[in-house]
Every structure is written in structure tokens, then in C-alpha cells.
Amino acid sequence: PGRGRWELGAQSERWAAFQERHRVSCEEAARLLLDAYEYRGLVKHTGGCHCGAVRFEVWASADLHVFNCNCSICTKKQNRHFIVPASRFKLLKGAENLTTYTFNTHRAQHTFCKTCGVQSFYTPRSNPDGYGIAPHCLDDGTVHSIVIEDINGKEWEKAMKEHKTIRGMSKP
């Protein structure tokens, strides 16, 4: 139903399969897509590591809220990141090229490229149901602005208890 109404090129089969799987018309599918992304003010960012072995896409605001943590690992890596729900992140390539480092509670999963060593995203301890994305690993053209908030990771438990919104950032 509704197939062929718009010229979708290489996405035609994917669009038709989505409509069939969810039993929605073309208009209903378009409304779902617009509601999910445009009306929430989200844009699709793409990015990856330095050598290109790891690539991802993430739906997030064009105006990023970036955390600058002073914990031991974030200080050493200069790990500034914004947080998104897992449902808005998609690894496009490079799963086999990722390795993970953990320490202390082992809740944070510090993933990085085996080839170039760049951490373009990771699973933060504060939001194990989401991803921390390094804004400096995004491709040019989709970020409008960046606001940086310092987080006292040296006193992590206290900082998380006092922060009113960080844990909700990985919720859809």
C-alpha cells in the first residue's frame, strides 16, 4: 500500500518491507519517521575512528550537550562526550575492529579501534543503557553548537547523585 508514491531509490525495498512488517500505509510510515526524528529536533550524525575501520550513525540534536569529566580515564583520554539512548545509535562497520577496556566497577565499556586506538563512542557507567559519543569523531556538517558541562568524575557517586538529568539522557 502506498508503494511507488515517492521515488526512494535504493531505499524503496527497505521502505516497502517496513510498511509490510508494521502494516502501515506510506503516509503512516512517514509520520512515524517524522515524529521520531524531525519533531524531536534530531539529526543523523555519522562518524568514526581515525583510520575509518569503525563507522557509526547516531540520531541526536544538532545542538550537543557535551560532558567534560575529570575522572582518571576521561582526563587521560580527554574523553568529552554526549549521551544518547542505544536505540539512536547504529554501528555501521568495524565491530570486529573494536576492543574494550574496563576498570574499577567494570560498568563502563571503553571501546576503541584496534588499529588507530581512537575511542569514538563507549558505554558510560552513568548510562549503561546508552552510548557516550565523542563529538570530535563526528563528520563535519551536522553539529550546530556545543555546550560543555564539567562533571566531577573524581567524586563519581556524589556527582551522579547531584546531577538531575544525566541518567535520563539514555532514555528514548
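The first residue in the sequence is number 1, and the count goes up from there. The structure presented is a predicted model; accordingly, all values stated were derived computationally and were not measured.
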Undergrad: How close do N127 and R167 get, counting heavy atoms only, and between which atoms?
TA: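 In terms of heavy atoms, the two residues are closest at ND2-O, 3.1 Å.
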
Undergrad: Before giving the answer on side chain to side chain contact (heavy atoms under 4.5 Å, CB included), spell out for K114 and L98 the whole-Å C-alpha distance, their side-chain angles and the decisive distance to 0.1 Å.
TA: CA-CA 6 Å; K114 291 179 188 178; L98 290 172; over 6 Å; no

Undergrad: In sequence, state the C-alpha distance, the side-chain angles, and the governing distance for V84 and I133, and then conclude on side chain to side chain contact (heavy atoms under 4.5 Å, CB included).
TA: CA-CA 8 Å; V84 298; I133 310 296; 4.1 Å; yes

Undergrad: Looking at N97 and V54, would you say the former's side chain and the latter's main chain have a donor-acceptor pair under 3.5 Å?
TA: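 Looks like no, no N/O pair under 3.5 Å.
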
Undergrad: Would Q19 and R21 count as a side-chain hydrogen bond (donor to acceptor under 3.5 Å, both in side chains) here? Give the steps.
TA: CA-CA 6 Å; Q19 285 181 256; R21 186 170 55 250; over 6 Å; no

Undergrad: So which heavy atom on C51 is nearest to which on C113, and how close?
TA: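 So the minimum-distance heavy-atom pair works out to SG-SG, 3.7 Å.
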
Undergrad: Can you see which heavy atom on P85 is nearest to which on M169, and at what distance?
TA: CD-O, 3.6 Å

Undergrad: Verify the neighbour count for atom NE2 of H50: are there more than 12 heavy atoms of other residues, nucleotides or ligands below 6.0 Å?
TA: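 Not more than 12 within 6.0 Å, no.
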
Undergrad: Determine the sole option in F121, Y122, Y131 for which the ring-ring contact (aromatic ring centres under 6.0 Å, His included) test with H81 is passed.
TA: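 For H81, the ring-ring contact (aromatic ring centres under 6.0 Å, His included) test succeeds with only one of F121, Y122, Y131, which is Y122.
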
Undergrad: With sequence neighbours excluded, tell me which residues meet salt bridge (charged side-chain N to carboxylate O under 4.0 Å, His left out) with D63.
TA: none

Undergrad: Does atom NE2 (H144) have a neighbourhood of more than 12 heavy atoms from anything else shown, all under 6.0 Å?
TA: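 Not buried by this count: 12 neighbours or fewer within 6.0 Å.
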
Undergrad: Dump the intermediate steps for ring-ring contact (aromatic ring centres under 6.0 Å, His included) on H106 and Y101, then the final yes or no.
TA: CA-CA 9 Å; H106 301 282; Y101 172 71; 8.6 Å; no

Undergrad: Tell me which one of T142, I148, V147, I146 satisfies side chain to side chain contact (heavy atoms under 4.5 Å, CB included) with L64.
TA: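 With L64 as partner, side chain to side chain contact (heavy atoms under 4.5 Å, CB included) holds for just one option, I146.
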
Undergrad: Step by step, work out the side-chain hydrogen bond (donor to acceptor under 3.5 Å, both in side chains) result for E149 and H163.
TA: CA-CA 11 Å; E149 178 182 356; H163 201 284; 2.8 Å; yes

Undergrad: If only atom types and distance count, is the side chain of H45 paired as donor or acceptor with the main-chain N or O of S61 below 3.5 Å?
TA: yes

Undergrad: Answer yes or no: is there a donor N or O on one side and an acceptor on the other, between the side chain of E20 and the main chain of A17, under 3.5 Å?
TA: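 No: the side chain of E20 does not pair with the backbone of A17.
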
Undergrad: Go through N79 and Q119 one step at a time and tell me if the side chain to side chain contact (heavy atoms under 4.5 Å, CB included) criterion holds.
TA: CA-CA 8 Å; N79 180 27; Q119 176 184 287; 3.3 Å; yes

Undergrad: Inspect the surroundings of CZ in R23 and state if more than 12 heavy atoms from other residues, nucleotides or ligands are less than 6.0 Å away.
TA: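 Check fails, neighbour count at 12 or below.
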
Undergrad: Short question: side chain of T75, backbone of S72 - any donor-acceptor pair under 3.5 Å?
TA: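 Checking the backbone N and O of S72 against the side chain of T75, no donor-acceptor pair under 3.5 Å is found.
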
Undergrad: So which atom in S126 and which in I166 form the shortest heavy-atom distance, rounded to 0.1 Å?
TA: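 Taking S126 first and I166 second, the nearest heavy atoms are OG-CD1, 4.0 Å.
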
Undergrad: For side chain to side chain contact (heavy atoms under 4.5 Å, CB included), just list the numbers for N152 and K158, CA-CA rounded to whole Å, side-chain angles, deciding distance to a tenth of an Å, and then say yes or no.
TA: CA-CA 8 Å; N152 184 7; K158 181 181 176 196; 6.0 Å; no

Undergrad: Could you check whether any side-chain N or O of R55 sits under 3.5 Å from a backbone N or O of G47, counting only pairs where one atom can act as donor and the other as acceptor?
TA: yes

Undergrad: Ignoring hydrogens and angles, tell me if any N or O in the side chain of D150 forms a donor-acceptor pair with the backbone of F67 under 3.5 Å.
TA: no

